[in-house]
Amino acid sequence: MAAELTAHQLIAKHRPTLDQALETIRTRAYWSPHPEHPKAYGENGSLSLPEGKAAFDALQGTRFDLDQPGTDDWVGGEVSPYGPELGITYPHPDIDTLLPAMRAGMRAWRDAGAEVRAMVCLEILSRISARTHEFAHAVMHTSGQAFMMAFQAGGPHAQDRGLEAVAYAYVEQSRTPDAAEWTKPQGKRDPIALNKRFTPVARGISLMIGCNTFPTWNGYPGLFASLATGNPVLVKPHPRAVLPLALTVRIAREVLVDAGFDPNLVCLAVERPDEGIAKTLAVRPEIKLIDYTGSTSFGDWLEANARQAQVYTEKAGVNTVVVESTDNYKGMLANLAFSLSLYSGQMCTTPQNLLIPRDGIRTDAGAKSYDDVVADLAASVNGLLGDDARANGILGALVNPDVKSRLEAAAGLGEIALPSREIANPEFPDAVVRTPVIVKLDGAKPDAEAAYLSECFGPVSFAVAVDSATDAVELLRRTVRDKGAMTVGAYTTSEEISAAVEETCLEECAQLSLNLTGGVYVNQTAAFSDFHGSGGNPAANAALCDGAFVANRFRVVEIRKDA
């Protein structure tokens, strides 16, 4: 296979980017090679906003051919949460044909070495970045994210997470030298001398099971961590969010060919309606790694049944914010209002439970009762979303009917502090757009506990009245320990309470944000600096991204010879 991109060319092009990524994960400073602003695209081969929209439109109603082996049918059925049917069909795999074909290129990919693999991955990300506007529309119309969020989270932020995984993969593979000369003194006798070679060896085929809400952001870490460590990757998208990952697979296959490798190192597996192909694939002996984001029930099933594979899961949790006191009451309310509203609360990091002492809190605006805090937060959300055009840009659309059902059912769980309202989207009249609901609950009542200790994914939050700040910390501890949490937040001016919350999060292994009142929100994390999840509580068994996320995707094989 003739390579259009030599190893030398790839290294010359991408090594500076990798080096900067390596430095940034060491310092945890801010950096991104992928522009966040839509106007930054349109030159040097990248698609402008109109070009990206035209490319997305051209895909609709077409057959998405990947020229991968073992295609036995064409399947599709994606419907945008904004209304239109995409009408795209994708290859359905004959697994018995596809999986052996994916293994055929492993030897050459292994022998290329960690650096070349990293450079190929960076070339894939570079080509994806050039088509960010196309991806933005694909993410928007499969996840229901508003355009700007789909552009940023589905584009540069997802690409950053992929690059971060490549950097960690390179670090872990480079930890052991390629070769060593080993000499052991033997006193008066000649020393024993051995020549040793150490080779990172992939585990096998990696299965990446995509999610509906963030197909690229949640999908890229596992995809690129596995590929960079030598594993072929089979991408199994969520049936309602195929297109962003299908585009990713197509670009990856093109780059692999250009670099002289087998394109079947990255393949796509799209399922027929209700086929459940992920369960079938997950227990195949060829599958040695699984990355999954989604429901707790299926994540638990994978961990229990895919015994032949190393399984990385991000499941569900009950994200909690302790509200004890603040020296910026207005800023706290604005920050929480945006956190509850962004993408209609359809993020695994969105706060659900707000634990507020029933006797109220201390603020720079004077003492505020529990009822005051809840009413003021409701007013802040209403102010944020009062203009329908602005609200559409923040909320996006509900991703599926299940979210709408949970939102409607929440009204029967307690006193409604903030009712949800329907918002029309003039551009997409079929979009289901709803503002958040806030429900008041008494934390001391058993029937309330059943509600707030269960994840209610979507624009639903509970203002839970607790007896004291100490009780709030204890409820936080129990919630994280029993149910898990991707994020924890706290507002306090008390050193004692701050220390108690910090110790709780350290002991229960949860990521904490304290006193956020500006333009950073508890449900946002920055690649290269913030860890997404911890891998240490029931919400997820892995963190995006740390050494543990990549190190067990390969093993080091030693070959030693007498010198």
Side-chain angles (χ1 to χ4, degrees), residues 317-333 335-336 339-340 349-378 413-415 417 438-456 460-517 521-523 534 536-539:
V318 177
N319 301 320
T320 301
V321 177
V322 173
V323 182
E324 187 270 339
S325 57
T326 179
D327 57 9
N328 185 351
Y329 187 58
K330 184 178 179 180
M332 179 190 80
L333 294 174
N335 193 280
L336 284 173
S339 297
L340 298 179
T349 49
T350 300
Q352 175 178 299
N353 294 342
L354 310 176
L355 308 185
I356 308 167
R358 64 180 78 252
D359 292 337
I361 69 171
R362 292 172 288 106
T363 82
D364 60 318
K368 300 290 182 179
S369 69
Y370 164 84
D371 288 333
D372 289 338
V373 175
V374 179
D376 290 345
L377 178 59
L413 296 175
E415 180 185 346
I438 300 176
V439 182
K440 296 168 75 171
L441 296 175
D442 188 336
K445 294 184 177 180
D447 58 336
E449 183 176 294
Y452 66 71
L453 283 184
S454 299
E455 189 201 26
C456 192
V460 178
S461 58
F462 300 114
V464 182
V466 294
D467 290 338
S468 67
T470 300
D471 288 331
V473 174
E474 284 309 306
L475 179 53
L476 167 66
R477 180 186 297 277
R478 183 157 65 96
T479 302
V480 177
R481 179 179 295 170
D482 295 347
K483 302 297 180 178
M486 294 299 293
T487 58
V488 172
Y491 291 90
T492 180
T493 58
S494 162
E495 291 186 9
E496 180 183 358
I497 297 302
S498 178
V501 172
E502 289 184 39
E503 186 61 25
T504 296
C505 289
L506 288 169
E507 291 179 354
E508 303 304 331
C509 212
Q511 311 292 14
L512 170 64
S513 298
L514 276 171
N515 298 320
L516 297 182
T517 57
Y521 304 93
V522 68
N523 40 358
S534 70
N537 69 64

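The closest side-chain donor-acceptor pair between Glu502 and Ser498 falls under 3.5 angstrom. Thr493 and Ser325 share a side-chain donor-acceptor pair at under 3.5 Å.
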Under the criterion side-chain contact (heavy atoms from CB on, under 4.5 Å), I'd like the reasoning laid out for Gln352 against Glu455: C-alpha separation, chi angles, the key distance, then a yes or no. CA-CA 8 Å; Gln352 175 178 299; Glu455 189 201 26; 4.1 Å; yes

Decide side-chain contact (heavy atoms from CB on, under 4.5 Å) for Leu355 and Asn353; before the verdict, give the C-alpha distance in whole Å, the side-chain angles of both, and the deciding distance to 0.1 Å. CA-CA 6 Å; Leu355 308 185; Asn353 294 342; 4.2 Å; yes

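Distance check, rounded to the nearest 0.5 Å: CG of Leu512 to OG1 of Thr487 gives 10.0 Å. From Arg478, atom CZ reaches atom OG1 of Thr504 across 13.5 Å, with rounding to the nearest 0.5 Å. Note: Tyr491 OH to Glu324 CD = 13.5 Å, rounded to the nearest 0.5 Å. Leu354 CG to Ser339 OG: the interatomic distance, rounded to the nearest 0.5 Å, is 10.0 Å. Once rounded to the nearest 0.5 Å, the distance linking CG of Asp359 with OG of Ser468 reads 9.0 Å. For the atom pair OG1 of Thr470 and CG of Leu475, the computed distance is 12.5 Å after rounding to the nearest 0.5 Å.
For the residue pair Gly331 and Asn328, the shortest heavy atom distance occurs at N-OD1, 2.8 Å. Here the closest non-hydrogen pair linking Ala539 and Ala485 is CB-N, 3.5 Å. Listed here is the closest heavy atom pair of Val480 and Ala510: CG1-CB, 3.9 Å. Of all the heavy atoms in Asn523 and Thr349, the pair that sits closest is O-OG1, 2.9 Å. When every heavy atom of Cys456 is checked against every heavy atom of Phe462, the shortest pair comes out as CB-CE1, 4.4 Å.
In this structure, Val322 and Thr492 have side chains that are not in contact, with every pair of non-hydrogen atoms separated by 4.5 Å or more. Between Ser534 and Cys509, some side-chain heavy-atom pair lies under the 4.5 Å cut-off. In this structure, Met486 and Gln511 have side chains that are not in contact, with every pair of non-hydrogen atoms separated by 4.5 Å or more. Contact check for Val464 versus Val466: side-chain heavy atoms found under the 4.5 Å cut-off.
Not one N or O on the side chain of Asn319 forms a donor-acceptor pair closer than 3.5 Å with the backbone of Val488. Of the possible polar contacts, one joining the Tyr370 side chain to the Ala463 backbone as a donor-acceptor pair under 3.5 Å is found.
Remark: Lys440 pairs with Asp371, Glu415 by the salt bridge (charged side-chain N to carboxylate O under 4.0 Å, His left out) rule, at least two apart or across chains.
Applying the 6.0 Å contact sphere to CD of Glu507 captures more than 12 heavy atoms from other residues, nucleotides or ligands.
Applying the side chain to side chain donor-acceptor pair (under 3.5 Å) test between Tyr329 and each of Thr517, Asp376, Asp364, Thr363 identifies Asp376 as the sole match. Screening Leu377, Val522, Leu516, Val373 for a side-chain contact (heavy atoms from CB on, under 4.5 Å) involving Leu336 leaves a single residue, Leu377. For the pairing with Pro351, the side-chain contact (heavy atoms from CB on, under 4.5 Å) check across Val318, Val321, Thr320 returns one residue only, Val321.
Classification of Arg358 and Asp442 as a salt-bridged pair holds, one side-chain N sitting under 4.0 Å from a carboxylate O.
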